[in-house]
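In what follows, a single structure is set out as structure tokens and then discussed.
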Amino acid sequence: MMNLIIYLVVIAVAAWVMRFVGQKVTGNAPKFRDMTYGVAFGYLLAVALIAWLAWGYVQARSDDPLVANKFFFLKAAIEGFVIFAVAAWLFKLAGKTIGTEWSKKMFRSMPLTAAFGVLVIIIYIIVAVFAQWIAPYGQDEIIQGAAANITAGGNIALGGDPAYPLGTDQIGRDILSRLIYGAQNTVGIAFVTTALAFLLGGTLGFLAAVFGGWLDQLLSRLVDVLMAIPSLIFALLLMTIASVWSATLGIPLTVFMVLIIALIDSTRVFRLARAVGQNIVVMDYIEAAKLRGEGMGYLVFKEILPNATAPLLAEFGLRFCFVFLMIAALSFLGVGIQPPLADWGTMVRDLAGFISYAQFAPQASVTPLLAAGAIALLTVAVNFVVDWMLHKSSGLKE
Amino acid sequence: MGNVLTIILQRLALGVLTLLIVSIVIFVAVNLLPGDFAQLILGQGATEESVNSIRRDLGLDQPMVARYLTWLGGMLTGDLGSSFAQLNFATNMGGANTVTVLDQILPRLGNTMFLAGVTAVIAVPIAVTLGVLAALYRNTIFDRVANIATLSSISSPEFFMAYVLILVLAVINPIFPSLSNIYDGMALSDRLEKTMLPALTLTLVVTAHMMRMTRASIINLLASPYIEMARLKGMSPMRVIVKHALPNALAPIINVVALNLAYLITGVVVVEVVFVYPGIGQLFVDSVKIRDIPVVQACCLIFAAAYILLNLTADIMSILSNPRLRHPK
């Protein structure tokens, strides 16, 4: 604590000195003349932070294992950050030079964060689709001859095994394979759930917008009530009931989970679809189509849907994130995707205990963070892309 | 002022009505269970007589509307029924050893309030300050970094944040304990120390959201003519924001704070489980797992009530802080 105060005082003094020297050396250049003290302090704080990161990175390479272990995760984070930044930059560069005129233009206007998002999403899709071929072992395969709790890293001296690069879990299943299958299960189920929510919420929302009147009132008030209950809480309540049903009927709990989350999320989709639909319904071309005598199906699918695609697509990305996070949370709490299906939320819960070994054996404690990180990486990536799409479509410059 | 009072009373009435309908939804949802509580408690091998006797004890032989009214009446008078968990129905239904739902919920509700309070005390000042700074230095490198950082922390799951914090602040640098075993009669400083990690986790998630909204609402205001006027008369950017923009941005900011506190209600569930914090969220998840229906029902209603109440507060606050709504033409 004392150290921290001393560092802050040093930075504060250095900031003042920097501004003063800057003003003298550059002969009162506007940049230094108009610099407020807060900004100078901010610059110095950032420099100190970067210097600390660099120092930590060097420490992580130290020979003393106790010191190195302490900075192991910092090193991993820095390396991960740099690798992803470079990969995103290369990806953007490739997109700018290869492809059609349209895609080249899109990549040129894309910020680096969005390029990172697109790249990560593509990787996840590939892993999820080809999981069977990529994964070295089955998702629920307890490997004969392999010990349980092999640590990650493949270093035999530290309790690893090169055959299982990320180690094995508490009953001897390969963690790498489970992570890869987790992409298929978690992402796949979340995708299906979101699609269902859109089908339900979108259809009802458009119908409410087109018909209006009592149907609109009924559906809207129903949605208001359902939205008054926090979604995770409501999902947990319904899952309790579903768990009894699934035992009675013999239908897997996962099916109930998909239906429950789709129902809860469709209320949010309904709101948007109704709002967008209402804006479109008052247009002249809808009036014209009605006068032509077109049926309801034509109106919804040929006139309203194509004009509502852009906002619905951005919403799809956001809703996917929410659904994905909710499934992960439910699985983490133990009532979501059920074993033997491999899934990231469950893996985090099962492996969480290993975190306490971080001080002495960091390799042993990475696995729960890998599963949790896999979830975080995808949602962050989708959010970056959606942020960029919203920014682009709203035409905001600030 | 009479006008505002009418609006607020209307909102309050609407809130109560919503809560009432929500209670019906929760009640009906629980009654979708196959069979009934009696069979659920006793399991497959129960005899007809014991099932019937419990059914009588719980009042399950009455029609649904009557049961709903009894349940609602109990809720209002603080009698939430008895928990299934530590209940041996054959011997002491209604006896001295019955654990009531209220006994289980009440101490934990206090703990959760404490956690939410600590989080709010840390998060709100940080979020508003950072939001103002980001608006002040918008489109600089500071703003970009803040944007990326907040977007990342909003979109990561709470348990990821929680485990990263455990790793950094509890395991590698043992500053705070990673288990929050709170009990009654603890010294406040001890209690605060044990609450710190869950509170920090929630802070990370909530701050990001509040900060983005604060930034957006201030930037919105900066386009107004009176801000340009203030700038043209030579005020420093910081003074323009603190004296002119912030008071007018107060309504949306208060709104955001209330909405995020409402968000805390759900965020608390996962975080309490990670840190084994004895709050209502953990009780809820445990009850879900052992299908302790009365507790689940009661927790659900409490969460919903808090959620509706906070949303209502946000609504009323934004009416009170907006002169245009206070004095309608």
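Within every chain, numbering begins at 1; the chains are lettered A, B, ... in the order of the sequence lines, protein sequences first and strands thereafter. The figures that follow rest on heavy atoms only: side chains count, while hydrogens, waters and symmetry mates do not. Note that the structure is a prediction, hence the values are computed from the model and not measured.
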Quiz item: So does A:F322 have more than 12 non-hydrogen atoms from other groups sitting under 6.0 Å from CZ?
Solution: no
Quiz item: Out of A:V335, A:L236, A:L378, A:L74, which one racks up the most heavy-atom pairs below 4.5 Å with chain B?
Solution: A:L236
Exercise. Taking all non-hydrogen atoms of both residues into account, name the closest pair between B:P157 and A:I375 and its distance.
Key: CG-CG2, 3.6 Å
Exercise. Verify the neighbour count for atom CZ of A:F84: are there more than 12 heavy atoms of other residues, nucleotides or ligands below 6.0 Å?
Key: no
Quiz item: Say you draw a straight line from CE of A:M227 to CG of B:N311; how long is it, rounded to the nearest 0.5 Å?
Solution: 9.5 Å
Exercise. Run the numbers on B:V25 and A:V225 for side chain to side chain contact (heavy atoms under 4.5 Å, CB included), then give the verdict.
Key: CA-CA 8 Å; B:V25 170; A:V225 170; 3.8 Å; yes
Quiz item: Between B:L17, B:V145, B:I21, which residue shows the highest count of heavy-atom pairs closer than 4.5 Å to chain A?
Solution: B:I21
Practice problem: Count the heavy atoms belonging to other residues, nucleotides or ligands that lie under 6.0 Å from CD1 of B:I141, then report whether that count exceeds 12. | Solution: no
Practice problem: Mind running side chain to side chain contact (heavy atoms under 4.5 Å, CB included) on A:N383 and B:I154 for me, showing each step along the way? | Solution: CA-CA 9 Å; A:N383 261 308; B:I154 289 174; 5.5 Å; no
Quiz item: What's the spacing between B:I172 CD1 and A:F71 CZ if we round to 0.5 Å?
Solution: 9.0 Å
Exercise. Hey, can you tell me if B:F159 and A:F332 have their rings parallel, tilted or perpendicular (30° and 60° cut-offs)?
Key: parallel
Quiz item: Is there a side chain to side chain contact (heavy atoms under 4.5 Å, CB included) between B:Y137 and A:V39 once you walk through the steps?
Solution: CA-CA 9 Å; B:Y137 299 112; A:V39 175; 3.1 Å; yes
Exercise. Report yes if some heavy atom in the side chain of B:S155 is under 4.5 Å from a heavy atom in the side chain of A:V382; otherwise report no.
Key: no
Practice problem: Under 4.5 Å heavy-atom distance to chain B, tell me which part of A:L333 shows up: side chain, backbone, both or neither. | Solution: both
Quiz prompt | Criterion side chain to side chain contact (heavy atoms under 4.5 Å, CB included) on B:Y307 and A:I229, from CA distance to verdict | solution = CA-CA 7 Å; B:Y307 194 70; A:I229 310 174; over 6 Å; no
Quiz prompt | Shortest non-hydrogen contact from A:L325 toward B:S156 | solution = CD2-C, 4.3 Å
Quiz item: Which distance, rounded to the nearest 0.5 Å, do you find between the OG1 of A:T113 and the CG of B:N147?
Solution: 7.5 Å
Practice problem: Examine whether an atom of B:S152 lies under 4.5 Å from a heavy atom of chain A, and if so say whether it belongs to the side chain, the backbone or both; otherwise answer neither. | Solution: both
Practice problem: Heavy atoms only: give me the nearest A:A228-B:I308 pair and the separation to one decimal. | Solution: O-CG1, 3.8 Å
Quiz item: What do you reckon, is CZ of A:F81 surrounded by more than 12 foreign heavy atoms closer than 6.0 Å?
Solution: no
Self-check item: Enclosure of B:R144 CZ (heavy-atom neighbours >12, cutoff 6.0 Å)
Solution: no
Self-check item: Greatest number of heavy atom pairs closer than 4.5 Å to chain A - which of B:L133, B:V296, B:V22
Solution: B:V22
Quiz item: So which heavy atom on A:L237 is nearest to which on B:A29, and how close?
Solution: CD2-CB, 4.4 Å
Quiz prompt | Pick from A:A328, A:S243, A:A329 with the largest number of heavy-atom pairs that fall under 4.5 Å of chain B | solution = A:S243
Quiz item: Can you tell me how far CZ of A:F384 sits from CD1 of B:I148, rounded to the nearest 0.5 angstrom?
Solution: 5.5 Å
Quiz prompt | Reported CD1-to-CG distance for the pair A:I355 and B:L167, which is rounded to 0.5 angstrom | solution = 6.0 Å
Exercise. Could you tell me the separation between the OG1 atom of A:T240 and the CD atom of B:Q297, rounded to the nearest 0.5 Å?
Key: 10.5 Å
Quiz item: Would a 4.5 Å heavy-atom cut-off, applied to side chains only, mark B:F284 and A:I233 as touching?
Solution: yes
Quiz item: Got a sec: does the CE of B:M213 have more than 12 other heavy atoms crowding it under 6.0 Å?
Solution: no
